[in-house]
Undergrad: 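This is the structure I want to talk about, given as structure tokens.
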Amino acid sequence: MDFIVDVAELLKGADSVAVLTGAGISAESGVGTFRDASGIWNKLDPSKWATEEGFRSSPSMVWEWYQDRRKIIKDASPNKAHYSLVSLEKLGKKVTISTQNIDNLHQQAGSKNVLELHGNIFRNKCIECGKPYAKEIMNDELCKCEFCGGIIRPDVVWYGEQLPQDVWQMSEQAAIDSSIYLVIGTSGAVYPAAGLAILAKRAGSTVVIINTEPTELDDYADFVIREKAGIAMPEITARIR
Ligand code: BV8
Ligand code: ZN
């Protein structure tokens with residue numbers, strides 16, 4: 001696990017740290033990834049399961065799949081990688097996490113500044129008027145909007161959908177302002193999220209990738225740590241105390 005000491009030294013001297021995380025940081029919490037060997041998209045067609053068109057053509061099927069994922073994620077706990085990012089905050093560093101994950105695990109671990117690029121699986125909204133749907137979901141039946149009667153959908157960003165503008169702008173700013181940009185557990189396949197690492201690099205940040213496999217962003221990295229996030233991150237933060 002080379003570069004652990006180098007990255008710890010860099011982090012020690014940094015007042016603010018920006019982070020981009022993907023499904024890999026939650027893999028050790030038992031939450032599914034998308035594109036690696038056991039990835040969800042190896043079994044399911046994203047155009048049917050993670051697009052508005054897919055939801056509109058089979059709302060019950062997609063809704064039940066999200067309900068199943070909610071149940072799995074509800075039982076999941078943050079792992080050492082999530083908590084390592086919290087410990088950086090406890091050391092007084094400003095940590096901005098732009099996450100592609102919808103599992104709420106960064107917030108559950110105690111991270112204060114989490115930007116949800118792709119939404120949150122525990123929030124729902126009306127597919128027609130966009131109003132939040134805050135009622136308790138009692139079963140897997142489809143719900144209807146109390147304002148316009150539209151079908152209720154998960155408040156996540158599907159393919160072809162725009163990311164929340166405020167979250168996106170803050171994530172861009174964090175990447176530009178960062179002196180070190182950690183890229184943890186993402187294949188770097190999905191845009192515009194993956195572009196944040198490229199933006200950080202171009203803005204002069206030191207880019208560190210932590211991933212068990214090669215990613216599409218490796219060429220932009222100053223350091224690549226080929227290790228599980230739940231092992232590498234505690235090793236790094238243990239050297240910063
Ligand atoms: C947009 C939904 C435009 C929520 C997700 C054609 C038509 C339309 C759009 C496009 C198109 N071609 C390209 C696009 C753009 C498209 C895109 O990038 N497609 C790619 C796939 C080619 N992007 C979009 O559509 C985005 N929107 O462009 O809108 C627009 C613009 C203006 C105005 C209107 C519209 C929206 C993208 C969001 C899509 N939603 N999910 C959900 O149900 O989850 S994306 C999906 O992939 C996931 O949500 C996840 O967020 C995202 C990224 O995946 P990763 O997190 O990286 O996960 P992955 O499995 O890929 O990788 C895991 C990594 O972890 C691996 O590298 C593995 O090695 C590593 N790992 C595993 N274990 C560990 C580990 N690492 C460390 N430790 C471990 N233990
Ligand atoms: Zn509505």
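On a predicted model such as this, the values are computed, not experimentally measured, just so you know. For ligands, and for the atoms within them, numbers begin at 1 and follow the listed sequence.
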Undergrad: Where does Ala193 meet ligand 1, judged by heavy-atom distances below 4.0 Å: at the side chain, the backbone, both, or neither?
TA: neither

Undergrad: Give the atoms of ligand 1, by number and element, whose distance to some non-hydrogen atom of Lys228 is under 4.0 Å.
TA: 78 (N), 80 (N)

Undergrad: Below 4.0 angstrom from a heavy atom of Trp158, which ligand 1 atoms are there? Numbered from 1 as shown, please.
TA: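 So the answer, numbered in order with elements, is 36 (C), 39 (C).
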
Undergrad: If every non-hydrogen atom of Tyr66 is compared with every non-hydrogen atom of Trp49, which pair is closest and at what distance?
TA: CE1-O, 3.7 Å

Undergrad: Please state whether Gly39 comes within less than 4.0 angstrom of ligand 1, counting heavy atoms only.
TA: no

Undergrad: Would you mind listing which atoms of ligand 1 come within a distance below 4.0 Å of any non-hydrogen atom of Gly22?
TA: 56 (O)

Undergrad: Any N or O of Gly188 that comes nearer than 3.5 Å to an N or O of ligand 1?
TA: no

Undergrad: For atom 53 (C) of ligand 1, what is the closest protein heavy atom, and at what distance to 0.1 Å?
TA: Gln100 OE1, 3.2 Å

Undergrad: Check this for me: does any side-chain nitrogen of one of Glu161 and Arg153 sit under 4.0 Å from a carboxylate oxygen of the other?
TA: yes

Undergrad: Among Val156, Val31, Ile102, which one has a heavy atom closest to atom 42 (C) of ligand 1?
TA: Ile102

Undergrad: How close do Arg226 and Pro214 get, counting heavy atoms only, and between which atoms?
TA: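 Arg226 and Pro214 have their closest heavy atoms at NH2-CA, 3.4 Å.
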
Undergrad: Compute the shortest N/O to N/O distance between Glu161 and ligand 1 and return yes if it is under 3.5 Å, no if not.
TA: yes

Undergrad: Counting from 1, what ligand 1 atoms have a heavy atom of Asp36 closer than 4.0 Å?
TA: 68 (C), 72 (C)

Undergrad: Heavy-atom distances under 4.0 Å are what count here, so tell me which part of Glu28 touches ligand 1: side chain, backbone, both or neither.
TA: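 The answer is the side chain.
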
Undergrad: Using a strict cut-off of less than 4.0 Å between a Lys/Arg side-chain nitrogen and an Asp/Glu carboxylate oxygen, indicate whether Glu116 and Arg123 qualify as a salt bridge.
TA: yes

Undergrad: Which ligand 1 atoms, with their elements, are less than 4.0 angstrom from a heavy-atom of Ala27?
TA: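 Per the distance check, 73 (N).
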
Undergrad: Is Leu163 in polar range of ligand 1, meaning some N or O pair under 3.5 Å apart?
TA: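 In this structure, Leu163 places no N or O atom under 3.5 Å from an N or O of ligand 1.
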
Undergrad: With a 4.0 Å heavy-atom cut-off (strictly under), which part of Ala229 contacts ligand 1: side chain, backbone, both or neither?
TA: both

Undergrad: Rounded to the nearest 0.5 Å, what's the gap from OG on Ser171 to CG on Leu115? Could you check?
TA: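 Taking OG in Ser171 and CG in Leu115, the distance rounds to 4.0 Å.
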
Undergrad: Are the side chain of Thr215 and the backbone N or O of Leu217 linked by a donor-acceptor pair below 3.5 Å?
TA: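 The answer is yes, because a donor-acceptor pair under 3.5 Å joins these two groups.
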
Undergrad: Any protein heavy atom sitting closer than 4.0 Å to atom 77 (C) of ligand 1?
TA: yes

Undergrad: Would Asn104 and Gln108 count as having a side-chain donor-acceptor pair, cut-off 3.5 Å?
TA: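 Side-chain D/A pair, Asn104 to Gln108: absent.
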
Undergrad: Please check if the number of heavy atoms outside Lys80 that lie under 6.0 Å from its NZ is greater than 12.
TA: no

Undergrad: Any nitrogen or oxygen of Thr215, side chain or backbone, less than 3.5 Å from one on ligand 1?
TA: no

Undergrad: Do side-chain atoms of Gln67 reach the backbone of Asn139 as a donor and acceptor pair under 3.5 angstrom?
TA: yes

Undergrad: For atom 22 (C) of ligand 1, which protein heavy atom lies nearest, and how many Å away is it?
TA: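 The closest one turns out to be Ala189 O, 4.1 Å.
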
Undergrad: Which residue owns the protein heavy atom closest to atom 79 (C) of ligand 1, what's the atom, and how far is it?
TA: Gly24 O, 3.3 Å

Undergrad: If you take all heavy atoms of Ser187 and Asn211, which pair is closest and at what distance?
TA: N-ND2, 4.4 Å

Undergrad: From the options Thr99, Leu182, Leu196, select the one residue that forms a side chain to side chain contact (heavy atoms under 4.5 Å, CB included) with Leu20.
TA: Leu196

Undergrad: Return yes or no for this condition: an N or O of Asn101 is under 3.5 Å from an N or O of ligand 1.
TA: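 No - when backbone and side-chain N and O of Asn101 are compared with those of ligand 1, no distance drops under 3.5 Å.
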
Undergrad: How far is atom 44 (O) of ligand 1 from its nearest protein heavy atom, and which residue and atom is that?
TA: Arg69 NH2, 3.1 Å

Undergrad: At what distance is the nearest protein heavy atom to atom 24 (C) of ligand 1, and which residue and atom is it?
TA: Tyr191 O, 3.6 Å

Undergrad: Between Gly54 and Val62, what is the shortest heavy-atom contact and its length?
TA: O-CG2, 4.0 Å

Undergrad: Using the Zn ion (ligand 2) as the vertex, how large is the angle between SG of Cys145 and SG of Cys129, rounded to 10 degrees?
TA: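 Nearest ten degrees: 110°.
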
Undergrad: Check Glu128 with Arg56, please: is the shortest side-chain N to carboxylate O separation under 4.0 Å?
TA: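 A salt bridge is present here (some side-chain N lies under 4.0 Å from a carboxylate O).
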
Undergrad: If you measure from NZ on Lys131 to CD1 on Ile152, what distance do you get to the nearest 0.5 Å?
TA: 10.5 Å

Undergrad: Give a yes/no on ligand 1: does Tyr66 have at least one heavy atom closer than 4.0 angstrom to it?
TA: yes

Undergrad: Please write down residue, atom name and distance for the protein heavy atom closest to atom 52 (C) of ligand 1.
TA: Val190 CG2, 3.8 Å

Undergrad: Do any non-hydrogen protein atoms sit less than 4.0 Å from atom 12 (N) of ligand 1?
TA: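 It does not; no protein heavy atom is within 4.0 Å.
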
Undergrad: When the ring planes of Phe3 and Phe223 are compared, do they come out parallel, tilted or perpendicular, using 30° and 60° as the limits?
TA: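 It falls in the perpendicular class, over 60°.
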
Undergrad: Starting from atom 48 (C) of ligand 1, which protein heavy atom do you reach first, and at what distance in Å?
TA: Phe34 CE1, 3.5 Å

Undergrad: Measure from atom 33 (C) of ligand 1 to the protein's non-hydrogen atoms and state whether any distance is below 4.0 Å.
TA: yes

Undergrad: If I compare all heavy atoms of Ser26 with all of Leu105, which pair ends up nearest, and what's the gap?
TA: OG-CD1, 3.7 Å

Undergrad: Within ligand 1, which atoms have a heavy atom of Gly185 less than 4.0 Å away?
TA: 63 (C), 64 (C), 65 (O), 76 (N)

Undergrad: Any non-hydrogen atom of Gly160 lying under 4.0 Å from ligand 1?
TA: yes

Undergrad: Any nitrogen or oxygen of Thr33, side chain or backbone, less than 3.5 Å from one on ligand 1?
TA: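 Between Thr33 and ligand 1, no N or O pair is found under 3.5 Å apart.
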
Undergrad: Hey, what's the ring geometry for His106 with His82, parallel, tilted or perpendicular (30° and 60° as the breaks)?
TA: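 It falls in the perpendicular class, over 60°.
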
Undergrad: Closest by any non-hydrogen atom to atom 57 (O) of ligand 1: pick that one out of Thr186, Asn211, Val62, Ile225.
TA: Thr186

Undergrad: Does Lys201 come within less than 4.0 Å of Asp222, counting only side-chain N to carboxylate O?
TA: yes

Undergrad: Of the protein's non-hydrogen atoms, which lies at the shortest distance from atom 56 (O) of ligand 1, and what is that distance?
TA: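 Of every protein heavy atom, Ala23 N, 2.8 Å lies nearest to atom 56 (O) of ligand 1.
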
Undergrad: Given atoms SG of Cys148 and SG of Cys126, what angle do they subtend at the Zn ion (ligand 2), to the nearest 10 degrees?
TA: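 With the Zn ion (ligand 2) as the vertex, the angle is close to 100°.
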
